[in-house]
Amino acid sequence: MKIDIVTLFPEMCRAPLSESMMKRAQENAIVDLRIHNLRDWTQDRHRTVDDAPFGGGQGMVMKPEPIFAAVESLRSDHSKVILMTPQGKRFTQQIATELAQDRHLIVICGHYEGIDHRVVEHLVDLELSIGDYVLTNGAIAAVVVIDAVVRLLPGVLGDAQSAQDDSFSAGLLEGPQYTRPAEFRDWKVPDVLLSGNHAEIAAWRKEQGVKRTRENRPDLLEDKS
Ligand code: 5OB
């Protein structure tokens, strides 16, 4: 998969996308990731990327010209153009799975005040938000989406099964995990996990997953009668 990120803050994306699985995916040529500075597509001496809003109001709006120039220079006929914006559709594991099927993603990161709407109407295929909170700009949101998509690409995860079993893929949260030592500061690991009874362990984990989901994420249980 090819991924182009277009941002005003390339350094905000660089480090998190250069570590761990993202690093290996690039070294193994599973993903070809490029991070671009939107200012490279400006034409004026000041490299202007934003301007005051028509109709008045606070803040600045990102100008359309550099964004159109960037996407038009990067895209081919199988590109999906994504805009990171708080007004977008909420990003989910389902959407990550769908995006993992694409050949080329172009991810545009706006700043929080907004973007000329002609970009949304005439250039963008999909507007994505990562959740209901304010961020200073879309670069960190883009990193979240790219991390979630790239780990699903064939050959990125060591264990093919682990993508399947994760929280959200299963529709429930995972239960608690423990490792050595079996006793730490008087707190013991639940006996069942040391029992060697795999059926009982599986049942316990399922039950704990349901309990945790009910406590922390009741919304995940709601449509399931
Ligand atoms: N807040 N998702 C939640 C977002 C966001 C802010 C963004 C982009 C995606 O840009 C300011």
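One-based numbering along the sequence shown. Atoms within a ligand are numbered from 1 in the order they appear, just like the ligands themselves. Everything quoted here is computed from the prediction, not taken from an experiment.
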Residue, atom name and distance, where the atom is the protein heavy atom closest to [atom]:
| atom | value |
| --- | --- |
| atom 2 (N) of ligand 1 | I130 N, 2.9 Å |
| atom 6 (C) of ligand 1 | P86 CD, 3.6 Å |
| atom 5 (C) of ligand 1 | L135 CD1, 3.6 Å |
| atom 3 (C) of ligand 1 | G131 O, 3.1 Å |

Practice problem: Report the member of G88, C109, S129, G138 with the shortest heavy-atom distance to atom 10 (O) of ligand 1. | Solution: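 The nearest heavy atom belongs to G138.
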Give a yes-or-no answer on whether the side chains of D102 and H78 include a donor-acceptor pair shorter than 3.5 Å.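 The answer is no; no qualifying pair exists.
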Do we see a donor-acceptor contact under 3.5 Å between the side chains of T92 and Q94?
->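 No, no side-chain donor-acceptor contact under 3.5 Å.
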Within reach of ligand 1, part of T85 (heavy-atom separation under 4.0 Å):
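Under 4.0 Å from ligand 1, T85 contributes backbone atoms alone.
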- What part of A141 sits under 4.0 Å from ligand 1 if we count only heavy atoms: the side chain, the backbone, both or neither?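 Just the side chain.
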Counting only heavy atoms not in [X], do more than 12 sit closer than 6.0 Å to its [atom1] atom?
| X | atom1 | value |
| --- | --- | --- |
| E19 | CD | no |
| D191 | CG | no |
| Q43 | CD | no |

Y133-ligand 1 polar pair, N/O distance under 3.5 Å: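 So ligand 1 has an N or O lying under 3.5 Å from an N or O of Y133.
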Test item: I82 and I106 side chains (from C-beta on) under 4.5 Å apart, heavy atoms =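 Heavy-atom side-chain distance check fails, nothing below 4.5 Å.
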